[in-house]
2 protein chains.
Amino acid sequence: MSKPNLVLFEDNERLRQSLELLLTDMSGFELVGSYGDFTLLDEVFGKTSPNLAMLDIDMPGMTGIAAVKIIKERCPLCRVMMFTVFDDDERIFQSICNGADGYILKNTSPLKIIKALQELSEGGTPMSPFIAQKIFQHFRQSSKASDHNLTLREQDILKLLVNGHSYKMIAADCHITLDTVKKHLKNIYTKLHVNCGTEAVAKALRDRIVPI
Amino acid sequence: MSKPNLVLFEDNERLRQSLELLLTDMSGFELVGSYGDFTLLDEVFGKTSPNLAMLDIDMPGMTGIAAVKIIKERCPLCRVMMFTVFDDDERIFQSICNGADGYILKNTSPLKIIKALQELSEGGTPMSPFIAQKIFQHFRQSSKASDHNLTLREQDILKLLVNGHSYKMIAADCHITLDTVKKHLKNIYTKLHVNCGTEAVAKALRDRIVPI
DNA sequence: ATAGGCAGTACCCGAATGGGTAATAGAATA
DNA sequence: TATTCTATTACCCATTCGGGTACTGCCTAT
């Protein structure tokens with residue numbers, strides 16, 4: 001089994017050279033390209049199909065976030081890891097949405113960089129501990145049903161509404177009358193500070209009162 | 001610095017005993033409690049304040065997902081790790097939303113369980129590689145408006161609907177008549193394979209046709 | 001025991017919604 | 001050029017929805 005092919009995009013000269021030194025013989029990877037910008041992106045991912053790519057985000061011309069999208073369109077099988085100083089939600093989630101398979105920060109030790117690349121090439125999803133925390137927080141910072149003082153019954157009914165049930169269907173599902181459903185939904189709308197079903201659904205999903 | 005206190009909740013007798021053996025002297029943790037169900041939850045997290053907790057999800061009486069919520073309300077500083085066979089989105093995300101700080105699967109090797117607990121006690125967010133993948137996928141699996149062949153106009157109108165606008169308000173915002181709005185929404189419902197506004201809103205948000 | 005919160009029921013009424021059908025004009029495309 | 005796609009307007013009609021109000025139990029907490 002040959003070594004995984006790896007391409008590197010990093011505009012900081014010194015850091016790139018350090019990484020080049022790190023990723024030689026001993027590393028277990030074959031560094032087949034190392035670039036200071038994304039001008040050759042089409043060429044690199046057109047003529048060849050590297051197994052792995054490590055991208056800096058803050059690059060001249062095009063950001064790594066835009067690049068990962070292009071790379072994934074050209075070579076869906078190439079596994080891409082972001083390697084950056086940025087730890088803000090915006091960049092993290094955009095990178096992931098655009099197809100990044102890993103996200104490590106630049107304060108990562110050389111040994112851990114190698115480990116992350118190994119994990120990446122094995123189909124894993126390496127990320128710095130701080131990034132993992134951010135991602136968990138992202139799910140948690142939802143306001144939750146309890147914050148709106150919805151009763152259990154109301155939560156049930158809201159969930160059914162979100163899942164596309166009409167008032168009539170909800171009544172049947174809950175074995176209550178249509179009028180009771182109406183009453184509950186009226187209360188729900190009041191509690192959520194909305195005034196129609198569509199708005200309630202949007203709020204329920206955005207605030208994660210009902211699982212997405 | 002003393003060892004972190006750890007409590008364990010696992011209903012499988014044999015597995016619990018194995019874990020008890022694993023978490024002795026050498027492990028670096030002080031196992032201060034080990035339970036087969038959550039009946040003593042109030043007591044454990046009322047009288048004492050363990051630093052760490054490891055929870056099975058499928059437990060008699062109460063699930064670990066409900067338990068983590070209660071634990072976090074009582075002892076917000078206690079770091080909680082799920083330890084389970086379940087790898088479905090629903091359970092993973094509910095656990096995280098309820099406050100879990102880590103999520104590892106039961107096929108994890110003893111050594112890696114110890115490492116995960118160490119990471120947990122250091123404020124990290126240990127998770128099995130498969131879980132990390134699932135979470136990344138969760139962000140990516142946006143199907144986008146283009147997948148539903150929505151026209152730009154339809155996307156605009158859907159966005160307004162999701163943001164709580166009534167048909168009438170949409171008509172005013174778009175400077176078109178109410179009938180035209182109706183027509184567009186009818187087309188949208190057809191394309192999204194739904195048959196009412198609430199369902200369309202749910203689909204738009206879940207499929208990320210409209211940003212959450 | 002008694003007040004308040006919650007679930008359920010019931011009724012009325014007007015407005016909003018969803019489905020069907022049809023027609024026109026401009027833009028894009030074949 | 002002919003055809004398709006898109007946006008637009010229009011009408012009809014049945015159903016659903018949202019708001020208001022009022023009453024009955026049940027359970028909990030004061």
Side-chain angles (χ1 to χ4, degrees), chain A residues 143-207 209-210, chain B residues 42 46 62 66 69-70 73 144-207 209-210:
Chain A
S143 60
K144 296 174 201 163
S146 50
D147 297 347
H148 297 288
N149 295 315
L150 293 182
T151 67
L152 289 176
R153 192 58 156 181
E154 287 165 352
Q155 289 176 43
D156 285 345
I157 289 173
L158 180 56
K159 185 169 185 173
L160 290 170
L161 185 74
V162 170
N163 289 333
H165 295 63
S166 67
Y167 284 26
K168 199 185 281 185
M169 290 161 74
I170 294 173
D173 286 341
C174 294
H175 307 293
I176 56 180
T177 66
L178 182 60
D179 286 309
T180 307
V181 173
K182 283 187 186 177
K183 173 71 175 150
H184 283 309
L185 281 167
K186 268 177 275 194
N187 291 336
I188 292 169
Y189 297 161
T190 304
K191 289 185 181 181
L192 296 186
H193 305 294
V194 299
N195 39 44
C196 70
T198 51
E199 228 180 323
V201 169
K203 190 166 187 77
L205 288 173
R206 286 181 163 146
D207 287 3
I209 299 168
V210 174
Chain B
D42 285 351
M62 182 191 293
K69 188 168 188 170
I70 295 172
E73 280 165 8
K144 297 173 207 164
S146 52
D147 296 348
H148 296 289
N149 295 316
L150 293 182
T151 67
L152 289 176
R153 192 58 157 179
E154 287 164 352
Q155 288 176 43
D156 284 344
I157 289 173
L158 179 56
K159 186 169 184 173
L160 289 170
L161 185 73
V162 170
N163 290 332
H165 294 63
S166 66
Y167 285 26
K168 200 183 279 184
M169 290 161 74
I170 295 173
D173 286 342
C174 295
H175 308 292
I176 56 179
T177 65
L178 183 59
D179 285 310
T180 307
V181 174
K182 281 187 189 177
K183 175 66 178 157
H184 283 307
L185 280 167
K186 268 177 272 194
N187 291 336
I188 291 170
Y189 297 162
T190 305
K191 289 185 181 180
L192 296 185
H193 305 295
V194 299
N195 39 44
C196 69
T198 52
E199 228 179 326
V201 168
K203 192 167 187 76
L205 287 173
R206 286 181 165 146
D207 287 2
I209 299 169
V210 175

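Letters go in sequence order (proteins before strands), and every chain restarts at 1. The structure displayed is predicted, hence computed values, not measured ones.
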Rounded off to whole Å, could you give me the CG-to-C1' distance for the A/Leu152 and D/dT28 pair? 15 Å

Quick one: on DNA chain C, does A/Lys191 or A/Asp179 contact a more 5' nucleotide (nearest heavy atom)? A/Lys191

What integer distance in Å separates A/Asp156:CG from C/dG8:P? 9 Å

Please pick, from C/dG8, D/dA7, D/dG19, the nucleotide with the shortest atom-to-atom distance to any side-chain atom of A/His184. C/dG8

B/Ile176 side chain, from C-beta outward: closest of C/dC11, D/dT9, D/dA7: D/dT9

Rounding to a whole Å, what distance do you find between A/Ile170:CD1 and C/dA7:P? 15 Å

Value for CG (B/Asn163) from CG (B/Asp173), rounded to nearest 0.5 Å, stands at 10.0 Å

Consider side chain to side chain contact (heavy atoms under 4.5 Å, CB included). Of B/Thr198, B/Thr190, B/Leu192, which one does B/Val194 pass it with? B/Leu192

Rounded to whole Å, CD1 of A/Ile157 lies from C1' of C/dA7 at a distance of 9 Å

Examine the base of D/dG19 for any acceptor or donor lying under 3.5 Å from a partner atom in the side chain of A/Lys182, and report the outcome as yes or no. no

note: B/Leu161, atom CG; C/dA16, atom P; distance rounded to Å ~ 14 Å

Between A/Lys183 (NZ) and C/dC6 (P), how many Å, whole number? 11 Å

With sugar-phosphate meaning primed atoms plus P, OP1 and OP2, does A/Thr180 contact a base, only sugar-phosphate, or nothing at under 4.0 Å between heavy atoms? base

Considering just the side-chain nitrogens and oxygens of A/Thr151, establish if one lies under 4.0 Å of OP1 or OP2 belonging to C/dG5. no

I'd like to know if the side chain of B/Glu154 reaches the main chain of B/Ile188, judged simply by a donor and an acceptor atom lying under 3.5 Å from each other, with no hydrogens or angles considered. no

Value in whole Å for how far the P atom of D/dG20 lies from CG of A/Leu185: 15 Å

Validation row: B/Ile70, B/Met62 side chains within 4.5 angstrom (heavy atoms): yes

Respond yes when some side-chain nitrogen or oxygen of B/Lys168 is under 4.0 Å from OP1 or OP2 of C/dA16, and no when none is. yes

Answer with base, sugar-phosphate or nothing: what part of the nucleic acid does A/Asn195 contact at a heavy-atom distance below 4.0 Å? sugar-phosphate

Compare side-chain N and O positions of A/Arg153 against OP1 and OP2 of C/dG8 and report whether any pair is under 4.0 Å apart. yes

Which part of the nucleic acid, if any, lies within contact of A/Thr177, taking any heavy atom under 4.0 Å across all strands shown: a base, the sugar-phosphate backbone alone, or nothing? sugar-phosphate

Whole-Å gap separating C1' (C/dG8) and CD (A/Glu154): 13 Å

Would you indicate whether A/Lys191, at its atom NZ, is surrounded by more than 12 heavy atoms from other residues, nucleotides or ligands within a distance under 6.0 Å? yes

